[in-house]
Structure formats: C-alpha cells, structure tokens
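Contents: one structure, followed by commentary.
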Amino acid sequence: MITITLPDGSQRSVPPGTPVRDFASGVLPMAVVKKAIAAYVDDKLVDLTHPLNADARLRLVLPDGPDALQMYRHSTAHLLAAAVTNLFPGTQCGIGPATDEGFFYDFVVEKPFVPEDIERIEKKMREMAQQDLVYERQIWPRDEAIEFFKKRGEPLKVQLIEEKTAGQTEVSCYTIKDRETFVDFCVGPHVPSTGKLKAFKLLTTSNAYWKGDAHNQPMQRVYGTSFFKDEDLKAHLTQVEEAKKRDHRKLGKDLGLFMFHQWAPGGAFWLGKGTLVYNLLANYMREVLFPAGYDEVKTPIIFNKALWETSGHWAHYRENMFLVESRDVAAHAHTDGKAAEPDMATKAMNCPGHMLLFGSETRSYRDLPLRFHEQTALHRNEASGVLSGLTRVRQFSQDDAHCFVMESQIGEEVERLLNLVKRVYGDFKLQYSVKLSTRPTEYLGELATWNHAESELKKALEAAGVPYTVDEGDGAFYGPKIDFDITDAIGRKWQCGTIQLDYQMPARFGLKYVGADNAEHQPVVIHRAIFGSFERFIGILIEHFAGAFPLWLAPIQVTVLPIADRQLEYAERVLEQVAAAGLRVTLDRRVEKIGYKIREAQLQKVPYMLVIGDREVAEGTVSVRTRAGGDQGGSPVDAFVTSARDEVARRV
Ligand SMILES: [Zn+2]
Ligand SMILES: [Zn+2]
C-alpha cells in the first residue's frame, strides 16, 4: 500500500497504481472531483488518469488557478489541431503551446487559411467540445511512435520525437477520442475531456516557420484564446479590441507624436508634438525633484570599459551594451595588424557614473542623503525581434536617480520616496499597486544586512500608509526592492516605478563617507525611478488616455477655428491673447468648411476649439467646444483663458 497526503494533512492508503481520479472519488466530495481538470502529485502537474505509484502529496487542480489556465489553453490547442486535421486531411501539425494571452498551433497547409476556414474550424471545435471526447494518455514504444507518424506523413512530429525523447524507449501520446480522430505526441497533461473546454475563440492567423527559423518550412499559425468562463472570455475580447484602438504605435502616428525608421531600430524620432509631451514630462519631473533635494546631473554617454569592469557590467551585462572602439585602439590594432577590440561602451544605466560622482569628493555624513537625478540617453542592445513601439526600445531616457544614504537613513529615505511616488502618480490620476521583493536564494552580502534592509522597507511602507504585497525571494541579488505597477484605463498593469536598495555597487567602487564618529563608512545606494523610462511611460499614457491627454499634458491645448476669412483678423488677435497667457495654441487659417476643421481638431484630440463667426467678432467672444463634442457656448476670451489656466494648474 502507498500513503497519499491531502492538502488538509489527512492521509489515506491505497494500492499502488490507483489512478488519481479513482482515489479522489473515494475520499473527496463528488462535486469537487467532477470539477477537477488535473492534479498536482507532489509538485508535478498530471492528468486525472495518472496512476499513483508511491507515497505522495495530492492536490486537485480546479478551474481557477493560474497554472490551471495554461494547461486548459494548451488543451484547447489540441482541440484546434483535432478540428483542423479532421476538416483538412493531410495537414501536418507542428507545435501548439499556451501563451500568456491564449494559445496557438502551427500547421503545414496546402493553402493559407482564409477567414471562412477559421469559422469552420471554430464550429468544428464546438461540435467536438459538445461531444465531450476523452483525452487519453497512451504510452507507445518509441520506435512504434516514430513509425506511426512517418506513415502518416508527419515528418515534423517524427523530428520532435527524435529530438525530445533521445535515449528513451517509450513516448507519451495523447488521443482525443481515438487515434483516428486525433493523436499528438505530447508530454501533457491535459483536461480529461473536450467537454471541459467551454469558452474559447479563434482570433487570427499569421505566417510562421518551423522552429521560428525562416530557412525552415513555412507554416500557418492559428491564434486563439480560451477561458474557464464565458464572461472572462468576453471581457478579454473587449479588452483586446479596446487595446487595438488605443495602440500607442497607431496613435503616435495619427497624432503626429513620433515615428521610427528601419535605420535606427528601437530609437524613436520625436516629432514636434511628441517632443512637447516629452519635455513636459521631463520638466514636470525636474519641478518635482528639485524641491525634494535632488541635484540634476549630466554624465557622459560613452565610458571606458574600466568603469564597466568595476561595476561588474562588463562581465555580466556586456551583450546588452553597445560596445565602442575609440580611435586609440583602432590605430594600435592597425599598426599591430590585429583586429581592434572595443575599449569603451555606451551606458545602459547611469548608476556607475553616479558612483564616480559620489567618489569624486570627500563626503561627510552631513552631505547625506545625497541625491543625483539624471535624464540623459541610455542604450541597451536589445535583440531587434523584441523591439516594439515605445515599450521595448534600444534608446531611451529614465527619470533615474540614485540616493546615497547612511544605513540609518534607509527607512526615512524610502518613506520620502513612497510619498514622492504617491504624489507623481496622483498628478496623473493613475491607480497603482505596490510589491515588496525580498532576498532571493542566491544573494550577495550578509544575512543580517538583508534582514535590516527588509525590515526598514516594511516599516517605511507602513509609515507611508501604502498597501503592498510581498514577493518572497524575488529581490535582486544585491538588495531588496519595491516595484510599482500602474493599472491603466482598461485594466492592464504596467510596471513603472522601482526602488532598489544596493549595498554592492558602493562596495565595488570603494565609496566612503566620514561619519559623526570621524571614521569612514560605506554608504548604501538607492536606485529609483518613478516613470521608469520616458519612452515607455509616454507609450503607457497614450494608451491610458487613448491619445486624449488631459489639458496640462496635451501638446496642443487650444485651436482657434474661424468660420470664414473675414474673421481671420480677429482670430489672429485671439491667438495672440491665448498664447500670451502661456497656453499652447494654433490657428487653422485654411479655407475649409468649419465642420471639417472641427472634425480634424477632434481627431487630433485637441482639448479646446475656439470657433469664431460673425457674432463672436461682433461680441468680442469665442464659441468654446471640447474635443468630446461638447458645445460650451460663448465666452469672453479672458474668461476662457482663466478657466483653462486653472484646469492646467489643477492637472484635471
Ligand atoms: Zn499537449
Ligand atoms: Zn541605478
């Protein structure tokens, strides 16, 4: 007999070989067993048919856990492949994994799927789900499996089996109903039957290649998603639609904010309006940080590799940096007849430069905390395949700062930082959540120092009244950290701000300050950013506001729209008056119908339109419209200016 331990600690003995489902049926309520889609035996996720062969802990997987969803989606990918091979005999199957958003399956097809095909496939999937067909795990001799897939004309599956099961004598295959209906080589696990798959939808198709390599066989990838509940699927599809409309890459183009060119991959070209937004944010941050005791500094972009060797980046981060060769080494290499070796690198972060600044003078405890803020450009050598709009770039700037503190100042400094973050996100009316990440299994430094740092961070979080969650073991190897996730208007989370304690870098650079005891001590550095990078933050803001920036952030705040040429002279005076009040204003001088001008200003998401006709000229007023289409009626120009300036000041 073997002993199985349930989550509540109770134990039962059963004969070895008892399948999970049979065991569970004997000891758990039937309703729970019916709902289960898989199980954990010790820490391994298995099918409900898995035989219990040794003493183990057992926990059923019910349809709500995050790992349950992944397995559920992968099972849906099998259903997709079953539908495709039934509708299109001769189709070869590639792989069908779950993704963060759903699943996909790659196929070799005679001709690419058209939308009608996708509809048919989805219909077939629903049919098969309704029939509640069983997923069965079968163990086949390896040779037999290879022979079977060879005969079926599936060389890709044969290749997978050969690669993934080298040295094994048996392989696992899963059928849906039976071999004739569908069979796939897979380690599993899967849901017990197709009837468990309730809420799914096929989304798009794209071209793919076997193993993602363009030299290999071209394939068709079918994307879909699935959820346990219909309402979750609907909510997800609505979010996807909404996200498409808000895509910052599209809005950035439509609103004339930025562009990209293939000759500068991952480097944004900021156009006039985008540069305005960028500078507004940069100056906003300066306004916030100067009174908070920060010195803004500018350090070099290119450093000698000695700096990166000292910081450790040369050894551990080199492939993420752009390496540079100065003409000194190039000239030497030329005379020696050798290839030149890069002796410099563009900076991927500001910290090492700030260490040099700190170490450039004798520092006293009275100088601390010492805070350096820097917004110069950083470069990271990301693979071109992962670059995406403003959210994954190679060139960017951060609202980066390093606070040098005494160990006794950590708590107070972090509390100040938490209040700073609260203030900044508050100005943007952004909701956010906070996560504390603690000591990982592999860490540098003393245990006592870590414990002290972690307790200081907790105290600061509590003192600032910030609710937070703890992510045990997720800190950096050099110190614990606090991360800030913004939730945008359609419920997506974006990690932006971070506060990271670091004992290592000051040590690597041999930093010291003279304490009240006249002895030398090592400072602690706090790396912190609130926006994260300007590029990414602007991308997030564009999607959050769907391009309709609040008045204080709108690149163009007001546009003056005369109905006919005869009002142009008055319109020019209005323009001057509004501009003199410090508002960013344009005048549409074109000979176009007023309806057209208004529509265009609305598409450009200009917050206020001042329409001018004969009556406005006669009365010395403007007719105010908002971009949402609201007619606010007539107003004297100075009254409009006063209320707009107030709206800017209050960051409504
Ligand atoms: Zn599978
Ligand atoms: Zn840093």
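Sequence positions, counted from 1, serve as the residue numbers for this chain. Side chains are part of it too, since the values below use all heavy atoms of this structure and drop only hydrogens, waters and symmetry mates. Just so you know, ligand 1 is whichever comes first in the structure, and atom 1 is the first atom listed for that ligand.
Of the listed residues (Gln500, Gln504, His527), just one forms a side chain to side chain donor-acceptor pair (under 3.5 Å) with Tyr478, and that residue is Gln500.
Residue-level check: among N/O/S atoms of His74, NE2 sits closest to the Zn ion (ligand 1).
Less than 2.8 Å away from the Zn ion (ligand 2), the protein contributes these N/O/S atoms: Cys351 SG, His402 NE2, His527 ND1.
Geometric assessment of Arg380 against the ring of Phe322 yields a negative cation-pi assignment under the 6.0 Å and 45° thresholds. Judged by a 6.0 Å distance limit and a 45° cone about the ring axis, Arg439 is positioned over the six-membered ring of Tyr443. Cation-pi geometry between Arg536 and Phe531 is not met at under 6.0 angstrom from the ring centre and within 45 degrees of the axis. Cation-pi contact between Arg120 and Phe88: present, with separation from the ring centre below 6.0 Å and deviation from the ring axis of at most 45°.
For Phe534 and Phe396, the ring centers are positioned 6.0 Å apart or more. A ring-centre distance under 6.0 Å is found for Tyr223 and Phe104.
Geometry note: the Zn ion (ligand 1) is the vertex, Cys186 SG and His190 NE2 are the arms, and the angle is 120° (rounded to 10 degrees).
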